[in-house]
Structures are given as structure tokens and as C-alpha cells.
Amino acid sequence: MRVLVTGGAGYIGSTAVDILTTQGYEVSVFDDCSTGHGDNVPTGITFIQGSLLNRSEIAQALKGCDAVMHFAGKSLVGESVEKPELYWSVNVGGTRNLLDEMRVARISKLIFSSSAATYGEPEVLPILESASNKPTNAYGATKLAVDAMITDEARGHGLSAASLRYFNVAGALKSTRGWLTERHNPETHLIPNVLRSTPANPVKIFGSDWPTKDGTCIRDYVHVVDLIDAHIKALNSLSKPGHEIFNLGSGGGYSVREVIAAASDAIGSQIPFIDSPRRAGDPAVLIADISKAKRVLGWEPTRNLEAMVSDTLASFG
Ligand code: UDP
């Protein structure tokens, strides 16, 4: 089976490319390298550098493929609030183009990178896939819109698809070519920021007055290797027209202070931090209910916070 990995030059997509290849899948990569890095794509892999906004480039990339893992898209919450048009254009318009070209090419299997940002501020914890969707930013709104588009595509045109709603992805994979690390600029994610904290430039804790046990936000972290394992299981579960949505997290949560403590243990000294104001748009607690992915896909995350911290640290070299 040949899988087109859109966004295959990015952090999560390149991890998928590596694991798919190791497991014997043929892989093509489609990426515009706006945030991804071409050097993440191994030599010997079919790599089409192109845009989701260009249908002929998508058509070219789909040649010979049997399925698509769609990671490409804009993914920064803050940027999505400042430039919503970019998010609607690339995430929604771009995915519309992809679905249209998949239909032309008669490719009917799709795994989509959705997000827990579709849920917004949760009413009930842990969050089930059936929870209400009230995204609090354009990023979450566009992921939700794409999920709706995929549902309709499955109903109308027989697409067989799964949307995977990521909670907080962390960690890294050591490939044969070295670590596939997070290289975002600017970096907004907690674990990389904690590991790069210095006394002169300490990591900011965004809010220490949240209604949680230690006053800091709680998030559900999942290792990128476990995440990709779920993608492959989801791909193999696609057998008939339809669209299923699965949460991917660990099913448990850690506070910002607990993450800093785990990272301090990993490096053997206290990581400097500074208590700072809350960040706009942050919910206090996000924890996934992952029972559907466990039950339907037979998936179980196996890597804990310590592994996520130590692999991220190792990937920074
Ligand atoms: N956070 C923080 N300092 C940082 C980055 C993040 O305190 O430099 C907090 C953030 O407010 C949230 C958690 O860490 O509660 C995880 O944030 P991240 O941006 O990694 O992921 P998000 O949950 O926003 O997807």
C-alpha cells in the first residue's frame, strides 16, 4: 500500500513517514515546507513540494497512492486568532481541494489530523468524542469544519475516513537518520520551552491561579510514536464508507508544574521558571477519554511523561 503523507516534512508527519516506511508501507510526501523542513524527508522517498491550494500539485502527489494521511495545515492557536483567513484558506480550503482530488483519483481512505481544540472549554472531564464542540479559536473551528466536511464526503461519495483528535503531542522518534525533533519557530509548546529554559530566559508558567491542585493548567500528553501507532491502526481499520472520530491522548493529565518537575528530574537540576499571567484562550484542564480508540482500534499508549521529556531532550542533541 502506498500512503501519501501530507505535511510529511513536519514534526508529526515526518515521524509518520519513518514509522510507515519501517513497517513496509510505500510512502509519498506532500509538503509546501512553509513550516516543515525538507531535510526531514528521507532520500529515496517520493517528495512533491507543493501547496494544498494548488489542485494540480495535489493531483500529482496522489499518483499511485492508495490512502492519505493528512497532517498538512496551520496549527498555531495564537496565529489563528490573528490571521483567521489563513487558517480557513489552508486548513479548510486546502482540505477541500485534497478531498476533490482524492475523489478524482478514486482514493477512498483518509486519516485526518484533527485536534482537541474542536471541543473548546470542556463541560465534562475526561472529554468524550461525543462532547459538545465549541472551539474557542479559529484553529479549532477550522479542524471542526474539516471534520464536518469529511463526514459529508463519506456520506455522499463513499470516503472511508478517521479523524484523530490530538491532545498534547510530545516526545520524538530516533530514526536511522537521527532524531526527528520539534523545530517550531516560534516554539510555543510547553515541553520544548521547559527544556530550553535558562536562568536568563526562564520558561513562563502561564497562570498559577487556575482551579487545579497546584494552580497551573493540566494537559493530556501523548508521545508522538504512540500517536503514529494509532494512525496506522486507524488506517488498517478502514474497510467501508464512513467517518469515525477518535481522541488520542493518554487518558490522564499533568500540570505545568508537574511537567517542570519531570524535566528537572531528567536533567538533574531545577529548571528555572517564572510565574506569569494566564495565556488567552487556555482552558484550565484538558484530559481525553481514550476508551473509543482502545476499544475500536486496539490502541494503547505505552510511553509516559518521563519518556516524552527524555526523548525530547535527547532530540535537542
Ligand atoms: N504553557 C506554559 N508556558 C509555555 C508554554 C505553555 O505555561 O511556555 C502552558 C499552557 O498555558 C498550557 C500548557 O502549558 O496550559 C500546554 O501548552 P502547549 O502550548 O504546549 O499546548 P496546548 O495545550 O496549548 O495545545
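Counting starts at 1 for both ligands and their atoms, in listed order.
Atom 9 (C) of ligand 1 has Val256 CG2, 3.8 Å as its closest protein atom, hydrogens excluded (heavy atom only). From the protein, the heavy atom lying nearest to atom 11 (O) of ligand 1 is Asp282 OD2, 2.4 Å. Regarding atom 5 (C) of ligand 1, its nearest protein heavy-atom neighbour is Thr188 O, 3.3 Å. Distance from atom 17 (O) of ligand 1 to its nearest protein heavy atom, with residue and atom name: Arg279 NH2, 3.4 Å. Protein heavy atom nearest atom 20 (O) of ligand 1, with residue, atom name and distance: Leu190 N, 2.8 Å. Taking atom 8 (O) of ligand 1 as the reference point, the nearest protein heavy-atom neighbour is Asn193 ND2, 3.2 Å. For atom 4 (C) of ligand 1, the closest non-hydrogen atom on the protein side is Phe206 CE1, 3.4 Å.
Ionic pairing of Arg183 and Asp39 is present here: one or more N-O contacts between side-chain nitrogen and carboxylate oxygen are shorter than 4.0 angstrom.
Put simply, the side chain of Ile111 reaches to within 4.5 Å of the side chain of Leu238, judged on heavy atoms.
Numbered from 1 in the order shown, with element, the atoms of ligand 1 that lie under 4.0 Å from a heavy atom of Ile205 read 7 (O). Listed by atom number, the atoms of ligand 1 under 4.0 Å from Lys204 heavy atoms are 2 (C), 3 (N), 4 (C), 7 (O), 8 (O).
Nearest-residue assignment for atom 22 (P) of ligand 1 (options Asn168, Asp220, Asn137; heavy-atom criterion): Asn168.
Hydrophobic clustering (side-chain heavy atoms under 4.5 Å, transitive across Ile, Leu, Val, Met, Phe, Trp, Tyr) keeps Trp179 apart from Ile19.
At a heavy-atom cutoff of 4.0 Å, ligand 1 is contacted by no atom of Tyr254, backbone or side chain. Residue contacts with ligand 1 for Arg278 are absent, since no atom lies close enough (heavy atoms, distance under 4.0 Å).
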* Asked: Are Arg257 and Asp275 close enough, and set up right, to give a salt bridge (Lys or Arg N to Asp or Glu O under 4.0 Å), and what steps lead you there?
  -> CA-CA 10 Å; Arg257 289 198 203 287; Asp275 286 320; 3.4 Å; yes

* **Evaluation steps, side-chain contact (heavy atoms from CB on, under 4.5 Å), between Tyr119 and Asn247** => CA-CA 11 Å; Tyr119 299 116; Asn247 288 338; 2.6 Å; yes

* Asked: Under the side-chain contact (heavy atoms from CB on, under 4.5 Å) criterion, do Glu79 and Tyr87 qualify, and how do the steps go?
  -> CA-CA 9 Å; Glu79 184 185 54; Tyr87 281 67; 2.5 Å; yes

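A donor and an acceptor atom, one from each side chain of Ser163 and His243, are located under 3.5 Å apart.
Note: no N/O pair closer than 3.5 Å links His189 and ligand 1 by distance alone. Between Cys217 and ligand 1, no pair of N/O atoms sits closer than 3.5 Å.
A ring-centre distance under 6.0 Å is found for His231 and Phe71.
Crowding of Lys204 atom NZ: a count of heavy atoms from other residues, nucleotides or ligands under 6.0 Å not exceeding 12.
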